[in-house]
Structure formats: structure tokens, C-alpha cells
*Asks:* 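Take a look at the following structure, please.
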Amino acid sequence: MEQRFGDNPALPPRRETGEGRARIRTTRSEQRIRALSDIERLEREPYDELLPSRSMYEVFQATATLYGDRPALTMLRSAALDDAPTTYTHAQLLAEITRAANLFAHFGIAGQGVVSILARTHARVPALIWGAETAGTASCINYLLAPDVIAALLQAEQTRILVCAGPALDAEVWAKACEVIARVPGLQAILVLGGQADCDDPRVLDLDELIDRQPGDRLTFDYVADPDAIAALFHTGGTTGVPKLVPQTHRNQIHAAWSLAQLFDLTEQDVSLNGFPLFHVGGTTTIGMSVLATGGHVVMLSPAGLRDPEIVKNIWRFVERYRATFIGGVPTSIGAMSEVPVNGCDVSSVRFAFTGGAPLPSAIGQRFEERTGIALLEQYGMTESVAAIAATPLNGRHVRGSVGLRAPFSAIDIMRRDETGDWVVCPAGTVGSVVARGPQIVRGYLNPEHDRNAFTPDGGLVTGDLGRLDENGYLFLTGREKDLIIRSGHNIDPQAIEDVANSHPAVAVSAAVGMPDAYAGELPVIFVALAPGQSVDTDELQRFIADRIPEPPARPRHLFVLDAIPVTGVGKIYKPALRDMALVYKLRMEIGALGQAIELIDIAAAKDGTEAAVTLRAATHADRERCDNSLAAALANLHCKVEVAWAQA
């Protein structure tokens with residue numbers, strides 16, 4: 001099966017001329033970046049010479065030309081150490097991408113049209129994503145979403161081809177896909193991974209059989225490399241309302257991968273362990289294309305990635321086996337890794353670990369470094385920046401609490417709106433809104449209505465984060481604008497509370513949110529999950545936190561211990577669910593104050609803690625009348641909508 005680059009006509013011809021060397025070039029690190037001055041020096045080089053590839057397909061052509069025999073992707077089938085993986089060299093990966101692109105072109109996706117992929121990270125999925133980007137536009141759907149949300153996404157994307165895992169490969173995802181297919185009549189074809197499904201819908205076809213018929217040595221359709229063509233659509237934001245879709249161009253993706261390679265000093269010698277899902281930019285770019293586009297080797301940690309507890313349990317065994325140089329995860333995953341003893345595994349190959357996607361609690365970062373001996377770098381990005389706004393330079397200063405320096409050929413400004421509503425730059429060193437610009441920043445959302453307040457008039461991305469820049473260009477994030485807890489006009493940074501809570505030895509992770517309050521508007525409360533094997537006295541823990549927070553308004557009014565903090569599909573703390581919980585707790589307190597004459601039948605909150613529904617039962621009509629008035633008065637000044645229904649006594 002092994003295929004050498006010289007045997008593959010899909011590759012560009014190798015040239016030894018100066019012009020040829022400039023044209024065939026990977027995204028490998030150009031120089032060691034230690035400070036902002038090194039970035040500025042790099043920016044004096046001609047951009048098109050540094051990044052000659054005009055499309056993702058040309059990136060894969062370059063790596064296959066230069067490093068065709070080297071491993072590119074290793075796909076673990078499970079967390080079992082004795083389960084044989086699937087490995088592609090760079091030449092083989094290019095051939096797989098070429099077959100996928102030809103297959104989609106066969107179904108009419110040639111230059112335009114969306115291919116959506118609903119599957120965990122199985123062996124063929126990465127090549128299918130990049131094949132879809134070559135033929136048209138790819139969209140990797142979060143398989144954890146509800147069927148109605150997935151159907152709405154496919155309709156908003158105007159998906160023409162759906163690729164999904166079949167019943168033999170993933171019965172759970174296939175069952176969800178069947179519900180989706182029935183709701184999206186515009187699908188032209190449903191291509192099933194893992195064998196033909198028992199389905200009488202003529203659109204449902206066996207992908208494996210069809211793709212193996214396609215040539216892997218050439219594209220069978222007219223292909224034009226356009227850096228400004230839409231390569232992929234990514235879903236971002238919540239799971240209700242009109243789907244919010246981010247169109248990423250080939251230029252966006254290539255520049256992001258190249259930028260991270262420069263800051264992290266990545267080359268074809270690097271090996272990353274990637275436990276992120278491919279519906280997230282952390283998986284496709286931060287620890288994916290940043291390595292792969294240099295000619296390096298990416299090991300995908302099973303179909304479920306770091307969501308699989310067995311993968312986390314065996315993480316140091318995998319590091320040792322693959323001689324990994326680069327690992328990472330969101331802070332919750334980093335915290336979980338730090339609880340796994342290294343136990344004599346050889347982890348000396350690891351140059352660094354990274355974390356991003358959410359603020360890193362300092363206690364978790366310190367714990368990871370102390371227990372593993374591995375430097376943990378912070379990185380900052382979002383879907384709209386293809387994960388690349390800033391990163392801590394591997395060869396520069398590692399400043400805990402900072403997400404590092406800006407990406408090359410880009411800009412970070414700290415801004416605010418003045419009294420006329422115009423965006424102005426804040427004085428040096430002060431906190432303001434983080435606004436990012438650069439070739440990796442998307443131009444807008446698929447639905448232009450979502451652009452409102454998301455971009456400055458000159459195209460700067462308003463990240464929604466608050467931060468400051470120091471005199472060396474390092475960015476420090478101080479919180480999310482929408483996550484601020486506002487108590488009687490006093491702005492409280494939840495991270496300041498979380499850092500204290502996380503420093504307690506019994507706490508694995510915590511999250512602070514605002515609980516509605518009739519007088520103060522919001523009161524800070526904190527949710528904690530304990531480390532394995534730990535127990536804690538909640539009163540003692542609350543005193544521990546309060547004693548270490550100097551500002552009295554910021555001391556949490558209530559503390560709640562949960563079995564686990566709710567997280568998103570990629571493992572980021574999901575604060576909307578916690579705000580829902582905080583509202584439920586608040587309502588339970590108010591209902592409890594009504595006395596034993598009132599029985600709580602049902603209670604639920606939604607929409608980021610802004611709406612709730614309560615069903616009550618009163619012992620007598622008089623009790624209902626008395627308590628209805630009392631409850632209405634208690635809820636009148638809460639900044640949320642609460643519907644109260646009364647069941648028959």
C-alpha cells in the first residue's frame with residue numbers, strides 16, 4: 001500500500017531551481033521566535049514566498065512532495081494499547097484526499113457545494129474533510145448535537161452531500177443521522193462510512209465502495225486553487241436560534257497553521273497527539289494542521305479523543321509509544337492529564353504542551369507542570385480566527401497568565417467604544433475589548449445578520465474578550481465581557497474567584513457565575529468539582545475562598561459541589577448551563593421561603609439563565625393566593641422571565 005511521492009502524478013513537479021524551491025514549501029518554522037522583534041523581522045520577508053500555497057490541496061501536495069514517505073496521520077481505532085491503528089504517509093494522505101475530492105466531484109460538488117460530515121474521528125474522516133475542501137466546501141458537524149439542531153445546520157449550509165457513520169461503525173450516530181435525513185429533503189446523497197446501511201432510500205450509498213473506485217493520482221475535474229474560496233463552514237455559538245456559521249477561506253486556514261508553526265517552532269520532526277474533535281478548530285488547526293502542514297506527524301487519539309476516559313488514562317503510554325513532541329487540550333483536559341501519574345513512562349520527547357479554548361486556572365497549570373515536568377504554553381484563538389490570534393512562543397518568555405504574542409502579519413488592539421459609539425484604541429496597559437486583525441480572520445458570518453457588533457467598521461474581529469497588552473506585546477486576558485458578574489454596578493471577574501477555588505487541594509475545577517438577585521442584580525456563586533478521591537466541608541471551602549478574595553463584593557454568596565462541571569463537546573466549561581443551575585437554585589430558595597404549604601412539582605431553566613418555568617401545588621386555595629402574591633413580588637425585580645403554573649390540589 002505504501003506509495004512514494006515520485007509515483008504520484010497528483011504531486012507538482014519537483015524543481016531544484018530557486019523559483020521551484022519557493023513554490024514548493026511547507027509551513028515549517030522559519031526562525032526561532034523569542035520576542036515581538038522576531039515576529040517583526042519575519043514580517044519583512046515577502047509574504048507570498050513564505051506562504052506560496054494557494055489552497056489546502058496545495059499544502060498537501062507540498063508535504064507529499066518533500067516528505068512523502070514520512071508518516072502523516074495515525075488514526076487510533078480505540079484507547080486499547082493493542083488495537084492496531086491506521087497510518088497514512090504524506091503521499092498516501094494526498095492520494096486519499098484526491099480520491100475523496102474526485103468522489104464529491106462525481107456527485108456534482110466541483111468548485112461549489114457543501115459536503116457535511118457527521119461522524120466521530122474515524123480513519124477516513126480527515127481525508128474526507130480535506131477532500132471536500134478541495135472539491136467544494138466542507139462542514140464537520142458536532143455529532144453530540146440534537147437531531148433538530150443538526151438538521152437546522154444542514155439546511156442553513158444548504159448541504160448537498162451528507163457523509164455519516166453507518167450502523168456497523170457507530171450505531172448511535174447512525175440513528176441520529178436517520179432522524180436528520182428525514183428532516184432535510186434537499187440532500188442529494190447520503191454516503192455511509194463503514195459499510196452499506198440497510199436502508200431503502202436510493203440516496204443512501206456505501207462510501208467506502210465508491211471512494212475506492214476513484215483515482216488517487218490525479219483530480220478528475222477542473223480544479224482552480226483560490227485562496228479566497230470558502231474551504232469550510234464551522235458552527236459556533238449556542239444550540240438555539242438561527243445557526244451561526246463561520247466561513248473559513250483557504251487563506252484563513254493556511255495562515256493560521258503557518259502562524260502557529262512559527263510561534264511553536266514546529267517542523268517535519270514534530271509529532272502531536274490530537275485528542276480534539278474535528279468539528280472544532282483545536283482539532284483541525286491548533287494541534288492538527290499546525291503540525292501536518294509542516295510535514296510532521298499527527299496521531300488522532302481514537303474516534304472520541306480526550307472525551308474517552310481511557311485515552312486520558314493511557315496518555316503517557318501513547319506519548320512514549322509515538323515519541324510525541326507536542327500534546328495539548330482545553331484546561332479541563334489538562335487538569336485530567338495532571339491526575340494521571342507518569343509512572344515511569346518516558347515523556348522526554350515532549351517539547352511542550354499547550355492549552356487554549358478557555359482561560360487556564362493558574363492552579364491547574366502549575367499542577368500540570370509540577371507533576372509532568374512539561375512546559376505548558378497558553379494559546380488564544382476562536383473559530384473566527386481559525387484558532388490563531390496569539391500564542392506563547394516556545395523559545396520566548398513563558399509568562400503564566402498570558403496567552404502570548406500576536407500571530408505574524410496580524411494585529412491585536414485593545415479598544416473601547418467612545419461616547420459616540422466609535423471604536424478607539426485604549427491607552428497602553430489598560431483593559432479593554434480585544435480586537436484582532438489578520439489573514440486568518442474571517443470576513444464575516446454566513447448569515448450577514450450575525451456580523452452586527454462582531455466586527456469593527458474596518459474589519460477587526462471583536463472577540464468578546466477583555467484584555468490588556470504589556471510593554472513586550474504579551475496579551476493578558478482578564479475575562480469575557482458577557483461572563484462578567486455585575487453586582488450593584490460592581491464588575492466582578494469570575495476568573496479571580498475561580499483561581500482561588502482551584503488553589504484548594506480538594507478542588508479539581510471550578511466555575512463562577514452570577515445568580516439573579518432582586519437587590520444587587522447578580523450575586524457571585526461558585527460551582528466546584530472535586531479531585532478524584534477528595535472530599536470537602538463546604539463551609540470550610542467557602543471560608544477558604546472568601547478569606548483569599550480581597551474585595552468583599554466578589555466573595556461568592558453560595559457554593560455548590562457538583563459531580564462534574566458541565567462542558568461542551570470539546571471539553572470547555574459551559575457556563576450557560578451553570579447560569580441555568582444558578583437560576584434554579586435561586587428559585588428553589590424563594591419557593592422554600594413560602595413554607596410547607598407549597599409543593600414544588602417541576603422546575604427548569606433555559607437560555608443562559610434568563611428564562612425558567614415552575615409548576616407548584618398549594619395545599620389550599622388560600623395558600624395558593626397568598627403564595628402567588630408573595631412569589632410574584634419576590635420575582636418582580638429579577639432580570640429573568642419566570643413562568644409559574646399551579647397544579648390542581
Side-chain angles (χ1 to χ4, degrees), residues 10 54-61 93-119 122 124-141 143 150-166 177 180-181 183-194 196-197 201-235 243 245-254 278-279 284 446:
R54 297 164 297 171
S55 68
M56 292 297 289
Y57 190 70
E58 288 191 353
V59 169
F60 289 109
Q61 286 181 311
L93 179 58
L94 175 64
E96 280 290 292
I97 293 168
T98 302
R99 289 188 188 96
N102 288 336
L103 174 63
F104 298 140
H106 172 75
F107 283 96
I109 307 291
Q112 60 179 349
V114 176
V115 178
S116 294
I117 299 169
L118 180 65
H122 301 291
R124 269 189 150 148
V125 168
L128 290 168
I129 293 172
W130 294 313
E133 292 192 2
T134 301
T137 300
S139 173
C140 196
I141 302 292
Y143 53 82
I150 295 172
L153 283 171
L154 299 187
Q155 290 169 335
E157 294 173 347
Q158 298 182 12
T159 297
R160 290 163 60 183
I161 297 176
L162 175 64
V163 173
C164 60
V180 170
I181 292 166
R183 302 182 190 198
V184 188
L187 293 173
Q188 296 176 10
I190 297 96
L191 307 182
V192 179
L193 274 166
Q196 178 62 41
D201 189 327
R203 299 173 299 165
V204 178
L205 302 167
D206 185 336
L207 181 143
D208 298 294
E209 178 184 344
L210 293 172
I211 199 170
D212 287 339
R213 297 178 191 171
Q214 298 295 325
D217 60 355
R218 67 192 183 282
L219 293 173
T220 59
F221 58 96
D222 291 333
Y223 174 69
V224 177
D226 179 1
D228 295 317
I230 303 302
L233 296 174
F234 277 82
H235 176 222
L245 291 159
V246 179
Q248 295 178 356
T249 66
H250 290 265
R251 190 193 311 276
N252 295 151
Q253 293 188 345
I254 294 168
L278 293 178
F279 58 74
T284 55
L446 188 66

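Keep in mind that this is a model prediction, so the values were computed, not measured.
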*Asks:* If you look at every heavy atom in A101 and L219, which pair is closest and at what distance?
*Replies:*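 Heavy-atom minimum between the residues: CB-CD2, 3.9 Å.
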
*Asks:* Please report the shortest heavy-atom distance between V192 and A165, naming the atom on each side.
*Replies:*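 For V192 versus A165, the nearest heavy atoms are CG1-C, 4.4 Å.
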
*Asks:* Salt bridge check: are R99 and D212 linked by an N-O gap of less than 4.0 Å?
*Replies:*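 Judged by the 4.0 Å cut-off on N to carboxylate O distance, R99 and D212 do not form a salt bridge.
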
*Asks:* So, taking the atom named OG1 in T284 and the one named CE in M56, what distance separates them when rounded to the nearest 0.5 Å?
*Replies:*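 Output value for this atom pair is 8.5 Å.
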
*Asks:* In terms of side-chain geometry, is the basic nitrogen of R251 or D228 positioned less than 4.0 Å from the acidic oxygen of its partner?
*Replies:*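 Yes.
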
*Asks:* Do L207 and L128 have side-chain heavy atoms sitting under 4.5 Å apart?
*Replies:*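 They are in contact (side-chain heavy atoms under 4.5 Å apart), so the answer is yes.
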
*Asks:* Could you check if a side-chain atom of L187 sits within less than 4.5 angstrom of a side-chain atom of R203, using non-hydrogen atoms only?
*Replies:*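 Result yes, sub-4.5 Å side-chain heavy-atom pair found.
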
*Asks:* Looking only at atom types and distance, does a side-chain atom of D208 sit under 3.5 Å from a main-chain N or O of L193, one as donor and one as acceptor?
*Replies:*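 Flag not set: sc D208 to bb L193 has no pair under 3.5 Å.
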
*Asks:* How about L278 and P126: do any of their side-chain heavy atoms sit closer than 4.5 Å?
*Replies:*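 Counting from C-beta outward, L278 and P126 do come under 4.5 Å.
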
*Asks:* For a quick test of reading the model, state the closest non-hydrogen atom pair linking F221 to A105 and the distance between them.
*Replies:*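 Minimum heavy-atom contact is CD2-CB, 3.3 Å.
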
*Asks:* Return yes if some donor-acceptor pair links the side-chain N/O of N102 with the main-chain N/O of Q214 below 3.5 Å, else return no.
*Replies:*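 No; zero donor-acceptor contacts below 3.5 Å.
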
*Asks:* Indicate the atoms forming the closest heavy-atom contact of E157 with S116, along with that distance.
*Replies:*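 Scanning both residues completely, I find the closest heavy atoms to be OE1-OG, 2.8 Å.
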
*Asks:* Taking the side chain as every heavy atom from C-beta outward, state whether I254 and T249 have any pair of such atoms under 4.5 Å apart.
*Replies:*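 With C-beta onward as the side chain, the pair stays apart.
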
*Asks:* Under 6.0 Å between ring centres: does that hold for W130 and Y57?
*Replies:*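 Not close enough - the centres of the two rings lie 6.0 Å or further apart.
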
*Asks:* If the test is side-chain contact (heavy atoms from CB on, under 4.5 Å), which one of I161, V180, I181, L118 qualifies with I190?
*Replies:*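 Of the listed residues I161, V180, I181, L118, the side-chain contact (heavy atoms from CB on, under 4.5 Å) partner of I190 is I181.
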
*Asks:* Can you tell if the side chain of L153 reaches within under 4.5 Å of the side chain of L233, non-hydrogen atoms only?
*Replies:*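 No, too far: nothing below the 4.5 Å cut-off.
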
*Asks:* Would F279 and F234 count as a close aromatic pair, with their ring centres under 6.0 Å?
*Replies:*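 No - the distance between ring centres of F279 and F234 does not fall below the 6.0 Å cut-off.
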
*Asks:* Let me see the working for I109 and R160 under side-chain contact (heavy atoms from CB on, under 4.5 Å), right down to the final yes or no.
*Replies:* CA-CA 8 Å; I109 307 291; R160 290 163 60 183; 3.7 Å; yes

*Asks:* Decide yes or no for T159 and V115: does some side-chain heavy atom of the first lie under 4.5 Å from some side-chain heavy atom of the second?
*Replies:*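 Heavy-atom side-chain distance check fails, nothing below 4.5 Å.
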
*Asks:* Atom CD1 of I141 and atom CG of L154: how far apart are they, to the nearest 0.5 Å?
*Replies:*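 With rounding to 0.5 Å, CD1 (I141) is 5.5 Å from CG (L154).
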
*Asks:* Look up atom CD1 in I230 and atom CG in L245, then write down how far apart they are to the nearest 0.5 Å.
*Replies:*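 The CG atom of L245 is 11.5 Å from CD1 of I230, to the nearest 0.5 Å.
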
*Asks:* If every non-hydrogen atom of L446 is compared with every non-hydrogen atom of A156, which pair is closest and at what distance?
*Replies:*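 In this case the closest contact between L446 and A156 is CD2-O, 3.7 Å.
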
*Asks:* Going by the side-chain hydrogen bond (donor to acceptor under 3.5 Å, both in side chains) test, name the single residue among Q248, H250, Q253 that passes it with E133.
*Replies:*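 Exactly one option meets the side-chain hydrogen bond (donor to acceptor under 3.5 Å, both in side chains) with E133, and it is Q253.
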
*Asks:* Could you tell me whether the side chain of L210 reaches within less than 4.5 Å of the side chain of L191, counting heavy atoms only?
*Replies:*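 L191 reaches L210 side chain to side chain.
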
*Asks:* Is I150 close to Y143 at the side-chain level, that is, under 4.5 Å between some pair of heavy atoms?
*Replies:*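 Sidechains of I150 and Y143: no contact.
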
*Asks:* List the atom of S55, the atom of A225, and the distance in Å for their closest heavy-atom pair.
*Replies:*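 Heavy-atom minimum between the residues: OG-CB, 3.8 Å.
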
*Asks:* Distance check, rounded to the nearest 0.5 Å: I129 atom CD1 versus C140 atom SG?
*Replies:*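 Between I129 CD1 and C140 SG, I get 4.0 Å after rounding to 0.5 Å.
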
